Peer 1: 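Handing you a structure now.
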Amino acid sequence: GVTYIGNGYTIRDLCVPLFDVNAGQLSGLILTQADVTAANGDAALLALTNQGTIEDCSVSGTVTAQNGKAAGLVLSNAGSAVIRRCRVDGTVTASGNAAGGVLQNNGRIERCAVSSTVTSQDGVASGMSVQVSGVILNSCVSGAVTAPTSTGFFGGGTGTVRSCFTIAEVFPTKGSSAMGFAPATTSNDNTGFFTGGNDRALVDAGALVGACKLDELVVLGLAAVVLDGDVGGIHLGDNAVALGQHGHLGVQADLVLHT
């Protein structure tokens with residue numbers, strides 16, 4: 001594949017995805033004020049499919065799929081593909097499923113941050129990814145997620161999610177459901193975010209939770225966060241926040257923190 005290095009230059013006013021398929025290496029690309037709309041089909045800001053490596057990229061703008069699915073960074077991250085140290089800011093809107101970062105992650109995502117408004121009219125919307133069969137590590141989300149089924153970080157799958165955090169507000173529509181981090185579910189992988197065999201969620205957070213900067217909030221020093229029981233709540237800030245509206249780490253009956 002081909003290597004593209006941004007060298008500090010900025011690409012402005014993009015109106016189509018920068019790449020259809022990336023099979024090489026994208027490094028240091030900066031996209032600002034993008035406005036990508038697909039009247040029929042799917043849409044993303046950086047690439048529709050990643051089969052290579054994307055690192056140290058920053059994208060901001062608006063992406064809309066009027067009759068399809070949408071993602072802020074990439075629609076599909078293939079099994080051998082890697083996305084690391086990337087930032088997404090903006091608005092993602094779709095008639096179908098929508099994700100602030102990567103819609104379908106079959107590969108690896110590391111140390112990425114999303115701060116976006118994500119909306120699905122008729123599907124699932126998630127702050128980072130709708131479907132995870134790969135790995136997400138040390139990543140974080142802020143913003144707002146609105147959909148019939150809305151999740152603050154990811155929507156489901158059999159993959160591994162570790163050392164991740166979200167402070168996104170989550171709003172259900174059409175009388176459906178909203179989950180603060182992810183659905184309470186059972187997975188074949190009991191070494192990552194899911195635990196096998198029961199409806200409980202485990203986030204085995206690292207020392208800095210990825211050291212992700214979310215707007216003016218830096219989440220630091222969490223050794224482990226255990227969400228014991230079904231993950232619910234319309235506003236994650238009312239359930240578990242590091243420096244939210246209460247000014248301290250909110251703790252409810254179903255949240256246990258170990259430092």
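Since the structure is predicted, the reported quantities are computational estimates derived from the model, not experimental observations.
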Peer 1: Tell me whether Val161 is reachable from Met128 by hopping between hydrophobic residues (I, L, V, M, F, W, Y) whose side-chain heavy atoms are closer than 4.5 Å.
Peer 2: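 Same cluster: Met128 reaches Val161 through Ile, Leu, Val, Met, Phe, Trp or Tyr contacts under 4.5 Å.
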Peer 1: Would you list the pairs meeting ring pair (Phe, Tyr, Trp, His ring centres under 6.0 Å) in which at least one residue belongs to residues 11-50, sequence neighbours left out?
Peer 2: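 Sorted result for residues 11-50: Tyr4-Phe19.
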Peer 1: Could you tell me whether a side-chain N or O of Asp35 sits under 3.5 Å from a main-chain N or O of Cys15, the two making a donor and an acceptor?
Peer 2: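 No; zero donor-acceptor contacts below 3.5 Å.
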Peer 1: To the closest 0.5 Å, what do you measure between SG (Cys164) and CZ (Arg111)?
Peer 2: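 Between atom SG of Cys164 and atom CZ of Arg111 there are 10.5 Å.
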Peer 1: Over all heavy atoms of both residues, which pair between Ala38 and Ala43 is shortest? Give the atoms and the distance, please.
Peer 2: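 Closest approach of Ala38 to Ala43, heavy atoms only: CB-CB, 4.0 Å.
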Peer 1: Please say yes or no: joined through hydrophobic side-chain contacts below 4.5 Å, possibly via intermediate residues, are Val59 and Leu103 part of one cluster?
Peer 2: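 Per the 4.5 Å side-chain linkage, Val59 and Leu103 are not co-clustered.
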Peer 1: Strictly distance-based, threshold 3.5 Å: is any side-chain N or O of Ser116 a donor or acceptor partner for the main-chain N or O of Val118?
Peer 2: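 Judged by distance alone, no pair lies under 3.5 Å.
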Peer 1: Distance check, rounded to the nearest 0.5 Å: Ser80 atom OG versus Gln51 atom CD?
Peer 2: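 Answer rounded to 0.5 Å: 7.5 Å.
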Peer 1: Would you please test Val82 and Glu55 for side-chain contact (heavy atoms from CB on, under 4.5 Å) and show each step?
Peer 2: CA-CA 8 Å; Val82 176; Glu55 59 186 8; over 6 Å; no
Peer 1: Hey, mind stepping through Ile5 and Gln25 against side-chain contact (heavy atoms from CB on, under 4.5 Å) and telling me if it holds?
Peer 2: CA-CA 8 Å; Ile5 300 176; Gln25 180 177 355; over 6 Å; no
Peer 1: Say whether Ser126 and Thr151, considering side chains only, have a donor N or O and an acceptor N or O under 3.5 Å apart.
Peer 2: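 Thr151 and Ser126 do have a side-chain donor-acceptor pair below 3.5 Å.
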Peer 1: What heavy-atom pair brings Ala125 and Ala147 nearest, and what distance separates the two atoms?
Peer 2: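 Between these two residues, the closest heavy atoms are CB-CB, 3.5 Å.
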Peer 1: Is a side-chain N or O of Asp42 found less than 3.5 angstrom from the main chain of Lys69, in a donor-acceptor match?
Peer 2: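 Side chain of Asp42 to backbone of Lys69: a pair is present.
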Peer 1: Going hydrophobic residue to hydrophobic residue with side-chain gaps under 4.5 angstrom, can you get from Leu73 over to Val141?
Peer 2: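 Cluster IDs for Leu73 and Val141 match.
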Peer 1: Drop me the distance from Ser60's OG to Leu31's CG, to the nearest 0.5 angstrom.
Peer 2: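 Ser60 atom OG to Leu31 atom CG measures 7.5 Å (nearest 0.5 Å).
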Peer 1: If you define the side chain from C-beta out and look only at heavy atoms, does anything of Glu110 sit under 4.5 Å from Val135?
Peer 2: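 Contact flag for Glu110/Val135 side chains = no.
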Peer 1: Would you say Val88 ends up clustered with Phe154 if hydrophobic residues are merged whenever their side chains have heavy atoms under 4.5 Å apart, either directly or through other cluster members?
Peer 2: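 Result: yes, single cluster for both.
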Peer 1: Can you tell me how far the CG atom of Asn97 sits from the CD atom of Gln131, to the nearest 0.5 Å?
Peer 2: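 Separation between the atoms: 9.0 Å.
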Peer 1: Distance alone, cut at 3.5 Å: any donor-acceptor contact between the side chains of Ser133 and Asn106?
Peer 2: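 Judged by distance alone, the side chains do pair up.
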Peer 1: Roughly how far apart are Ser58 OG and Arg85 CZ, rounded to 0.5 Å?
Peer 2: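 If I round to the nearest 0.5 Å, the distance is 13.5 Å.
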Peer 1: Quick one, Arg108 and Leu137 - any side-chain contact, counting heavy atoms below 4.5 Å?
Peer 2: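 Yes, their side chains come closer than 4.5 Å.
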Peer 1: Ignoring hydrogens, what is the shortest heavy-atom contact between Thr64 and Thr62? Give both atom names and the distance.
Peer 2: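 Smallest heavy-atom distance, with atoms named: OG1-CG2, 3.9 Å.
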Peer 1: Which pair of non-hydrogen atoms, one from Val102 and one from Leu75, has the smallest distance, and what is that distance?
Peer 2: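 Answer, listing the atom of Val102 first, then Leu75: CG1-O, 4.1 Å.
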Peer 1: Tell me the closest heavy-atom pair linking Ser150 and Phe171, and the distance in Å.
Peer 2: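 Here Ser150 and Phe171 meet closest at OG-O, 3.1 Å.
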Peer 1: For Asn138, does its backbone N or O pair with a side-chain atom of Ser163 as donor and acceptor, under 3.5 Å?
Peer 2: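 Flag not set: sc Ser163 to bb Asn138 has no pair under 3.5 Å.
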Peer 1: Working to the nearest 0.5 Å, report the span between CD of Gln33 and CD1 of Ile11.
Peer 2: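 That separation rounds to 13.0 Å.
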Peer 1: Let me see the working for Ile167 and Ser142 under side-chain contact (heavy atoms from CB on, under 4.5 Å), right down to the final yes or no.
Peer 2: CA-CA 5 Å; Ile167 58 169; Ser142 65; 3.7 Å; yes
Peer 1: Specify the closest pair of heavy atoms between Ser129 and Ile109, including all atoms of both residues, with the distance to one decimal.
Peer 2: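 Ser129 and Ile109 have their closest heavy atoms at OG-CD1, 4.1 Å.
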Peer 1: Taking the side chain as every heavy atom from C-beta outward, state whether Ser27 and Thr3 have any pair of such atoms under 4.5 Å apart.
Peer 2: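 Not touching, per the 4.5 Å side-chain cut-off.
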Peer 1: Should Leu14 and Val21 be counted in the same cluster of Ile, Leu, Val, Met, Phe, Trp and Tyr side chains packed under 4.5 Å apart?
Peer 2: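 No, Leu14 does not connect to Val21 through the hydrophobic network.
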Peer 1: Go through the side-chain N and O atoms of Thr91 and Thr117 and say whether any donor and acceptor fall under 3.5 Å apart.
Peer 2: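 Side-chain D/A pair, Thr91 to Thr117: absent.
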